[in-house]
2 protein chains.
Amino acid sequence: MSSVIIASLPESLPAFIAQIDPSAIAVLVDNHTYRHCYPVLKSILPKHTLIRIRAGEEQKHLATCQTIWDALTRANFDRHGLLLNLGGGVIGDMGGFCAATYKRGIAFAQLPTTLLSQVDASVGGKLGIDFQGLKNHIGVFKLPDAVLIDPAMLATLPERELRSGFAEIIKHCLIADAEQWQKIRRLELNEQNWPELVAHSVAVKERVVAQDPTEKGLRKILNFGHTLGHAIETHFLEDSRRRLLHGEAIAAGMVAEAYIAFKKGMIDETLLTEIEEYLFAVYGRTRLKDEDMDPILTLTLQDKKNRAGQVRMALLDGRGSCAFDVPVTKAEMKQGLFYYRG
Amino acid sequence: MSSVIIASLPESLPAFIAQIDPSAIAVLVDNHTYRHCYPVLKSILPKHTLIRIRAGEEQKHLATCQTIWDALTRANFDRHGLLLNLGGGVIGDMGGFCAATYKRGIAFAQLPTTLLSQVDASVGGKLGIDFQGLKNHIGVFKLPDAVLIDPAMLATLPERELRSGFAEIIKHCLIADAEQWQKIRRLELNEQNWPELVAHSVAVKERVVAQDPTEKGLRKILNFGHTLGHAIETHFLEDSRRRLLHGEAIAAGMVAEAYIAFKKGMIDETLLTEIEEYLFAVYGRTRLKDEDMDPILTLTLQDKKNRAGQVRMALLDGRGSCAFDVPVTKAEMKQGLFYYRG
């Protein structure tokens, strides 16, 4: 298990670097984190190489990896180098993948700057990039040498980003902690206690990942809401005006998949209503047109949890409890989507 | 540890597939193995996808990976698929890398068809591709689910290929088995007992890799001859008329590095003479021009075993014994190259 440290970066980072004792350091940033987060780092870091890329999911592909590998090569990075990934999920997933594959693997740390990446992407060692429009299609499992979470980073975040990250917190409560779910669903977005929720989410995720690092079984419960959520996110990726943030798509996926669980008799109507009311209150309802339905359903066939062409979902089977590898038909998914659409 | 099985493919392959029980099978071949080796496989395999690429080290790059990932995607390969890499080191290294990164990792087996890949590349889980002319610059460590070595494959091999693979056998004897070294150096190339030597080399390599899978320490001894050897191989890669096979370059590297070990007082003159006489007898002497020297020396700076710009070598410190992480200066490397040149 890699260590997750929740503390201010000026506190956690120097100690981590002293422990790794790297031969060289590089920092990967995007436009946003260069402006808002890198200044803090710059003042506390020794000599380092800065690698700056453009922000956005549409950068998360092989061509950007080539830019990153190339920058490390030009800086004569050897296998004892250290890469610090300062940013959200795209920076962490892609920077981690580049570090894990540069000279067959150099040290790297995730410095997540968004709520989403603090409670999800940075923990658990899933690294990768999109390929031919398929999310995280190419990648590896590898734990970072450290995850350094600085709650102060959230201060600069737009509310929409905060709301997106909150979806994974909601998911962690729904699949693993009924009590916490009852707590958060009584508060609005801007009433939540972020430092406490970040620590809670990281703990839930670490506990699950420790039992099943490469997602052969239990870890699949972390995918609740993600089979349809990913498909919705991918579908809208091509349309810049309708594009959704990850958490916004997952929120939609959770409602649709909760309905599938309800129809299968796995959860009762009370829980379905709780989920649906809270998620619509926080996220609203994304408009799905008739012509969106088939492409979204087709995209679920590329889900990494499938087996031999059959879609398998993580579905709630109680408040704070989740089953995995549940076979779901196309008809059931369609019902879920139509239920979400209302 | 993955299992290495030395047996005919019609014997070993069906049992392996039954054990893995994959949702789909793909076979990666190049022009040569398509013609000479695939027919045997085709007759014993169930339904599968054939992925055919051009032969040669110059195919071992990202663009070819994209072709392979694309073929798996189009065949709707899920995470329970199996990729069989039928070929030499290029097929094994690149196919393994593609399998290890497709959907964050599917099952794969190495079916090495050259002597070189049977005694070296297929064992030990080093996977990767070349990047910007740098050998294996991008890759991961991951053990295949099986290595199925069929000695019958060697029958179709040209003598030059056999001689190239023999260099790694010689290396394994020199670094780990003095007795075996005394045996092989008394025989000419075509007098060697290949099945026995393959089993011996695999055993040496597996023993070393088991103790240090990710090359933090001991495993580096497998790089004897490779710091200068790789640099020589890479340098000549650009010149199609002077291009060397891997083992031919490593043979040159072993002579030059044996001389460095001798100059450092790590081995005596008798051993240096033994090595040099045998290797020149089997491989001849590759001509190095004055203008080759500097580019070769510069290339050693990209060696993955370096630390902070300093070249570190695996150097013999006796007959059947090898040290690692020995700092070597540019001047010493130059002496080694000039000694080799004679």
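Hydrogens, waters and symmetry mates are skipped; everything else that's a heavy atom, side chains included, is used. So you know, we letter chains A, B, ... as the sequences are listed, proteins then strands, and number each from 1.
With ring centers used as reference points, A:H246 lies under 6.0 Å from A:H226.
In summary, B:E215 and A:R79 engage in a salt bridge, as defined by a charged side-chain N under 4.0 Å from a carboxylate O. Using a cutoff of 4.0 Å between basic side-chain nitrogens and carboxylate oxygens, A:K205 and A:D120 are scored as salt-bridged.
Of the listed residues (A:T101, A:L62, A:T73), the greatest number of heavy-atom pairs within a distance under 4.5 Å of chain B belongs to A:T101. In terms of heavy-atom pairs under 4.5 angstrom with chain B, the leader among A:T214, A:D21, A:L134 is A:D21.
Within the 4.5 angstrom heavy-atom criterion, only backbone atoms of A:A100 (N, CA, C, O) approach chain B. Contacts between A:Y102 and chain B at a heavy-atom distance below 4.5 Å involve backbone atoms as well as side-chain atoms. For a residue to count as touching a neighbouring chain, one of its non-hydrogen atoms must lie under 4.5 Å from one of that chain's; by this rule A:K126 touches chain B with backbone and side chain alike.
The shortest non-hydrogen separation linking A:I20 to A:A107 is CG2-CB, 4.4 Å.
Between A:W69 and B:F131, the angle of the ring planes goes over 60°, which puts this pair in the perpendicular group of the 30/60° scheme.
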